[in-house]
Chemist: 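The structure's right below; bear with me while I get my questions together.
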Protein chains: 2
Amino acid sequence: MGSPLPRDPIADAQRNWERHGWGEVAAPMAAITAIMRTQQILLARIEGVLKPFGLTFARYELLALLSFARSGALPMNKASALLQVHPTSVTNAVDRLEKAALVVRSPHPTDGRTTLIELTAEGRTLAKRATAALNSEVFGQSGFGDDDVEHLIRVLGDFRKAAGDFAD
Amino acid sequence: MGSPLPRDPIADAQRNWERHGWGEVAAPMAAITAIMRTQQILLARIEGVLKPFGLTFARYELLALLSFARSGALPMNKASALLQVHPTSVTNAVDRLEKAALVVRSPHPTDGRTTLIELTAEGRTLAKRATAALNSEVFGQSGFGDDDVEHLIRVLGDFRKAAGDFAD
DNA sequence: GCAATATACTAGGACATCCAAGGGTTTGGA
DNA sequence: TCCAAACCCTTGGATGTCCTAGTATATTGC
């Protein structure tokens, strides 16, 4: 999008916050802004790796989730809950994955309200290949040190739990 | 969107990664996924606080940026660079802010290609009020401990720098 | 057993982000 | 001087996310 800035814009924002008398919350503001920006960078990397496979991150996440399900199938509402996105987002992703013949919708055997998403053979193969690519090109070169990774997992895990993501 | 899950879905994903022989990258995968999810939670909180002001986070960021500029005005390309978003995203935000009379577009005095975004009096007032709300309702209650905030700022700062965000 | 409530998925709409292309303005080298 | 290359902003299109209904199916309670 652009060349590197001369100075860190988030550090500048933090200084601005302090200068305006909001020093009390300047650091958390900076941390939160940094999380937003980091997510943006990571998402761009991931999408770049997935593009050759004709996948987006949202669709990949669904494929990966299905590939770990015993039967290779999950109800849409389960997928929505596990991926922690709105049900309509799952509908959207399934529509596109189904057009690409990577999944199929099938009726739930006992509950007429529920629709099952099933991985096709192609879907399973593509999920494997895409995962290998992400592992080697993104997760394997995250740029985070081992200690930092552990720290992030712990701190963000606590945050997500406090936010009500899971009971554990 | 839903009630808490019985177990942490990201920890489950990490276990799945390990079970499939990708233990080497399971932890970074979990950390990255946690960052994505945390961003989603934080964005939802922020948008919730800004909604009463008729603002979204993208528009708020632009207003805040302008409010810190000496003259209360910035060229669009500068705003795009500092906010680290695509120029078309700035165009979009300015269109809406201008409709709301919070900013105005004006021609650059010496460069005919450039458009300046200028804060209106209303825009400046709203930015102040929205910032106060975010400070007290989000940044002041982030849920991150002081040490964790410092750690996040450092680790994510290093990451952003390595990603080419800034030279410093 | 049947009506009221809850649950599951989808359709339509509002926003944001990015990319690709197009039209206008500046700059720089031949 | 002048034209090509670089730069700036906007338009149009593709995706994703969420929200608000609306339809269909299950469950519950009387």
Side-chain angles (χ1 to χ4, degrees), chain A residues 1-3 36-37 39-48 50-51 53-63 74-100 103-117, chain B residues 1-3 36-37 39-48 50-51 53-63 74-100 103-117:
Chain A
M1 209 127 27
S3 39
M36 311 291 269
R37 173 57 184 157
Q39 187 268 352
Q40 191 179 23
I41 293 169
L42 288 168
L43 182 58
R45 280 190 197 171
I46 291 172
E47 298 275 14
L50 293 177
K51 197 177 190 76
F53 298 99
L55 291 175
T56 62
F57 187 48
R59 298 177 212 168
Y60 166 76
E61 277 195 300
L62 186 49
L63 282 190
L74 276 179
M76 299 199 51
N77 62 333
K78 276 272 198 238
S80 169
L82 292 172
L83 297 176
Q84 315 204 245
V85 295
H86 199 279
T88 54
S89 295
V90 175
T91 295
N92 184 317
V94 171
D95 283 349
R96 297 169 195 281
L97 288 171
E98 197 169 31
K99 270 198 190 77
V103 306
V104 273
R105 267 184 249 243
S106 64
H108 189 287
T110 67
D111 190 332
R113 297 169 298 181
T114 301
T115 300
L116 293 176
I117 324 167
Chain B
M1 209 125 27
S3 40
M36 311 291 268
R37 174 56 185 158
Q39 186 268 351
Q40 190 179 24
I41 293 168
L42 288 169
L43 181 59
R45 282 190 196 171
I46 292 172
E47 298 275 13
L50 293 177
K51 198 178 190 74
F53 297 100
L55 290 175
T56 62
F57 187 49
R59 296 176 214 169
Y60 166 77
E61 278 195 299
L62 186 48
L63 282 190
L74 276 179
M76 299 201 49
N77 62 334
K78 276 271 197 238
S80 168
L82 292 172
L83 296 176
Q84 315 203 251
V85 296
H86 199 279
T88 54
S89 295
V90 176
T91 294
N92 184 314
V94 172
D95 283 349
R96 297 171 195 280
L97 288 172
E98 199 169 31
K99 271 199 190 76
V103 305
V104 270
R105 268 183 249 241
S106 64
H108 188 285
T110 67
D111 190 332
R113 296 168 298 183
T114 301
T115 299
L116 293 177
I117 323 167

Chemist: Drop me the distance from A:L42's CG to B:Q39's CD, to the nearest 0.5 angstrom.
Modeler: 10.5 Å
Chemist: Counting only non-hydrogen atoms, which of residues 84-94 of chain B are less than 4.0 Å from DNA chain D?
Modeler: B:T88, B:T91
Chemist: What nucleic acid atoms does A:E47 come within less than 4.0 Å of, heavy atoms only: base, sugar-phosphate, or nothing?
Modeler: nothing
Chemist: Please determine which of A:V94, A:T88, A:N92 meets the side chain to side chain contact (heavy atoms under 4.5 Å, CB included) test together with A:V90.
Modeler: A:V94
Chemist: Report the C-alpha distance between A:M76 and A:R105 in whole Å, list the side-chain angles of each, state the deciding distance to 0.1 Å, and finish with yes or no for side chain to side chain contact (heavy atoms under 4.5 Å, CB included).
Modeler: CA-CA 9 Å; A:M76 299 199 51; A:R105 267 184 249 243; 3.9 Å; yes
Chemist: Hey, does the side chain of B:R96 come within less than 4.0 Å of C:dA14's phosphate (OP1/OP2), counting only N and O?
Modeler: no
Chemist: Check the distance between C:dC15's C1' and B:L97's CG and give it to me in whole angstrom.
Modeler: 13 Å
Chemist: Without decimals, in angstroms, what is the distance between A:M76 CE and C:dT7 C1'?
Modeler: 14 Å
Chemist: Do you know the tightest heavy-atom contact between B:F57 and A:M36?
Modeler: CE2-CE, 3.5 Å
Chemist: Starting at CG of A:N77 and ending at P of C:dA6, how long is that distance when rounded to a whole Å?
Modeler: 17 Å
Chemist: Would you mind telling me which residue lines up with the more 5' stretch of DNA chain D, B:Q40 or B:D95, judged by nearest nucleotide?
Modeler: B:D95
Chemist: Roughly, in whole Å, what's the span from CZ in B:F57 to C1' in C:dT17?
Modeler: 14 Å
Chemist: Sugar-phosphate means primed atoms, P, OP1 and OP2; the rest is base. With that split, encode nucleotides 22-27 of chain D 5' to 3' as B, S or - using protein heavy atoms under 4.0 Å.
Modeler: ---BS-
Chemist: At what distance, to the nearest 0.5 angstrom, does CG of A:L74 lie from CG of A:L82?
Modeler: 6.5 Å
Chemist: B:K78 and B:T114: side chain to side chain contact (heavy atoms under 4.5 Å, CB included), yes or no, with the steps?
Modeler: CA-CA 10 Å; B:K78 276 271 197 238; B:T114 301; over 6 Å; no
Chemist: Please determine whether side chain to side chain contact (heavy atoms under 4.5 Å, CB included) holds for the pair A:L50 and A:R59, giving the CA-CA distance in whole Å, both sets of side-chain angles, and the decisive distance to 0.1 Å.
Modeler: CA-CA 10 Å; A:L50 293 177; A:R59 298 177 212 168; over 6 Å; no
Chemist: How about B:I41 and A:Q84: do any of their side-chain heavy atoms sit closer than 4.5 Å?
Modeler: no
Chemist: Under 4.0 Å between a side-chain N/O of A:T56 and OP1 or OP2 of D:dT15, yes or no?
Modeler: no
Chemist: Can you check the A:R37 CZ to C:dC18 C1' distance for me, whole Å?
Modeler: 13 Å
Chemist: With DNA chain C as reference, determine whether A:K51 or A:R105 sits nearer its 5' end, using the nearest nucleotide of each.
Modeler: A:R105
Chemist: Rounded to whole Å, please give me the gap between CD1 in A:I46 and P in C:dC18.
Modeler: 15 Å
Chemist: Could you tell me the separation between the NZ atom of B:K99 and the C1' atom of C:dA14, rounded to a whole number of Å?
Modeler: 13 Å
Chemist: Provide, to the nearest angstrom, the distance between the NE2 atom belonging to B:H108 and the P atom belonging to D:dC9.
Modeler: 9 Å
Chemist: Give the minimum heavy-atom separation between A:P75 and A:L116, together with the two atoms involved.
Modeler: N-CD2, 3.6 Å
